[in-house]
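Throughout, protein chains are lettered first and strands after them, A, B, ... in sequence-line order, and every chain is numbered starting at 1.
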Number of protein chains: 2
Amino acid sequence: MHALLVEDDDRMAHALGTALAQRGHSVRRVGRASDALQHAHEAEFVLLDLGLPDLDGLELLRRLRVLCSAPLIVVTARCEERDIVQGLRAGADDYVVKPFRTAELMARIDAVRRRTDTPSGSRDTDDGDGGEPVRTGDVEIDLAARTVRVAGAEVRLTRREYDVLAFLAARPGEVHSREEILDRIWGDVFLAASRSLDVHVAGVRAKTGRPGLIRTVRGFGYQLGDGGRGDGP
Amino acid sequence: MHALLVEDDDRMAHALGTALAQRGHSVRRVGRASDALQHAHEAEFVLLDLGLPDLDGLELLRRLRVLCSAPLIVVTARCEERDIVQGLRAGADDYVVKPFRTAELMARIDAVRRRTDTPSGSRDTDDGDGGEPVRTGDVEIDLAARTVRVAGAEVRLTRREYDVLAFLAARPGEVHSREEILDRIWGDVFLAASRSLDVHVAGVRAKTGRPGLIRTVRGFGYQLGDGGRGDGP
DNA sequence: TTACCTCTGTCATCCCCCTGTCACCTGGGA
DNA sequence: TCCCAGGTGACAGGGGGATGACAGAGGTAA
């Protein structure tokens with residue numbers, strides 16, 4: 001059992017690590033976002049502190065979610081309702097506010113894992129396990145390195161543009177609704193009427209020079225395409 | 001979407017019911033444990049108050065867990081660590097203490113359902129069509145990815161066309177009436193006299209090149225067919 | 001300041017949905 | 001076998017709505 005503990009405070013990390021170890025988990029503790037992203041694919045479940053110094057917590061959470069679908073519990077001092085809602089919408093399975101009670105946290109970990117350890121397994125053959133870039137046509141999306149290459153040349157996308165592309169690339173071939181995308185990336189489905197998503201999709205298409213990289217499913221949402229050549233059935 | 005709201009306090013039930021209805025859930029509210037147990041099997045998810053007068057909350061939770069495996073969130077005034085741990089260990093997927101914040105509770109409901117729900121329309125008896133595509137002949141309908149393949153090649157259907165096909169594919173072999181299909185997809189049975197359904201069925205047949213994929217039951221409705229070869233009993 | 005990103009608003013376009021019509025098929029009755 | 005009535009398939013056209021393209025305001029970081 002491999003727990004990934006993302007926590008920059010030494011005392012907190014020590015306390016949590018001890019509690020987890022007592023319950024039979026092997027723990028890898030990291031204190032920086034970059035290390036968290038590097039080890040995400042090894043984790044059986046994740047405890048995430050949103051207050052890291054080197055990257056916004058929500059942003060880290062979204063990036064982790066693209067890299068792995070393991071159970072993830074946010075453990076943080078941020079207790080505003082807005083923070084909690086956004087954290088859960090960004091993909092957290094549970095959200096625990098510091099100071100927390102250890103036994104409760106352990107019970108929550110077990111509850112989340114009970115739901116996610118599907119006996120039939122293989123629920124996540126999808127998300128880029130480890131570091132294999134997603135390829136479609138001559139476009140290469142490296143979810144771990146957060147880079148995009150077209151015909152070998154790196155393309156610089158903005159944060160939102162990359163988020164949208166990475167979200168679609170995490171499950172190639174699947175169609176995602178506008179609401180789902182807005183929920184996961186913006187944390188707000190009520191932006192559905194907004195034009196933001198369209199604008200950023202257009203940005204990805206323009207900067208990559210591959211209009212077919214993101215395919216529109218009219219009236220529903222978007223899907224990762226074949227990289228440009230939009231031939232039909 | 002069927003939410004089972006187990007709550008004996010009228011004001012609380014009203015507030016919760018309103019919030020759920022605003023988010024598109026249909027709500028059945030019960031105030032007694034016996035009613036909760038009776039309707040448990042219909043629920044798509046459960047909100048459970050532990051403070052009912054006629055049965056100990058934990059005991060009710062355990063009995064509910066035997067009857068149904070739907071996502072269940074405890075919403076209660078009991079805030080002792082011991083209560084929370086016991087509730088989670090008894091099978092609750094989350095535990096929210098009153099007074100709670102509505103938006104947070106809704107986000108927690110979504111988070112739990114995200115982990116437990118089958119991605120697309122099929123919502124009934126959990127007969128394993130969770131992630132496996134439906135196959136008939138050489139046609140493959142992936143309800144999770146919202147894609148359709150014929151002989152391995154992806155076929156692009158419009159929204160309505162896909163909706164009709166997916167609805168039939170969610171229960172292979174069953175015959176569905178025009179009214180039922182219109183009700184579930186259009187939300188309006190009064191379109192029964194309209195030609196829309198026929199047009200979209202024709203679209204599916206034409207685009208897939210499999211006229212037998214959707215079989216007409218004259219005077220009644222439609223049924224998922226065998227993928228092309230139109231022989232039958 | 002400067003440059004860039006993000007979001008919003010507007011306009012134009014195109015596709016999809018619905019409807020209407022005609023023809024064909026099916027099933028029942030004479 | 002023939003006729004009739006209702007239902008369905010095929011096809012075309014109009015309208016509406018979703019999306020793409022573009023511009024500009026506001027915010028943020030360098």
Rounded interatomic separation in angstrom, taking CD from B:E161 and P from C:dC17: 6 Å

Other residues, nucleotides, ligands: >12 heavy atoms within 6.0 Å of A:E179 CD: no

Sugar-phosphate, base or nothing in reach of B:V199, heavy atoms under 4.0 Å: base

Test item: A:L165 and A:K207 side chains (from C-beta on) under 4.5 Å apart, heavy atoms: no

Interatomic distance where CG belongs to B:D198 and C1' belongs to C:dC17 [whole Å]: 14 Å

A:L197 CG to C:dT8 P, straight-line distance once rounded to whole Å: 12 Å

Helix axis bend for the helix from C:dT1-D:dA30 to C:dA30-D:dT1 - C1'-based end axes, five pairs, 10° rounding: 40°

Whole-Å gap separating P (D:dA18) and CZ (B:R160): 11 Å

Rounded distance in Å - CZ (A:F220) to P (C:dC16): 16 Å

Stacked cation flag B:R178 on B:F220, 6.0 angstrom / 45 deg: no

B:W186 side-chain N/O to C:dC18 phosphate OP1/OP2 under 4.0 Å: yes

pair B:L157-B:V164: side-chain heavy atoms closer than 4.5 Å: no

B:R195 (side chain) and C:dT21 (base): donor-acceptor pair under 3.5 Å: yes

For atom CD1 of B:I185 and atom C1' of C:dC18, their distance in whole Å: 15 Å

Touch class at under 4.0 angstrom, heavy-atom based, for A:R178 against every strand present: sugar-phosphate

Closest to the B:R218 side chain, choosing from D:dG9, D:dG6, C:dC18: D:dG6

Among C:dC18, C:dC7, D:dG9, the nucleotide that comes nearest once only the side chain of B:R205 is considered: D:dG9

Any A:H200 side-chain nitrogen or oxygen under 4.0 Å from OP1 or OP2 of C:dC5: no

Options C:dT8, C:dT6, D:dG9, nucleotide nearest the side-chain atoms of B:T216: D:dG9

Crowding at CZ, B:R101 (>12 non-hydrogen neighbours, <6.0 Å): yes

Listed nucleotide nearest any side-chain atom of B:S194, set C:dC17, C:dT19, D:dT8: C:dT19

B:F45 and B:H25 aromatic ring geometry - parallel, tilted or perpendicular at 30°/60° bounds: perpendicular

Between P of D:dA10 and CD1 of B:I214, the distance in whole Å: 12 Å

Side chain of A:T158 (C-beta onward), nearest among C:dC7, C:dT6, D:dT19: C:dT6

Qualifying residue, where the test is side chain to side chain donor-acceptor pair (under 3.5 Å) with A:D163 and the options are A:R63, A:R146, A:R184: A:R146

Ring centre gap for A:H176 and A:Y222 strictly below 6.0 Å: no

Contact under 4.0 Å: B:Y162 side-chain N or O vs C:dC17 OP1/OP2: no

Atom-to-atom span, CG of A:L182 to P of D:dA18 - whole angstrom: 15 Å

Toward the 5' end of DNA chain C, by each residue's nearest nucleotide, A:S196 or A:K207: A:K207

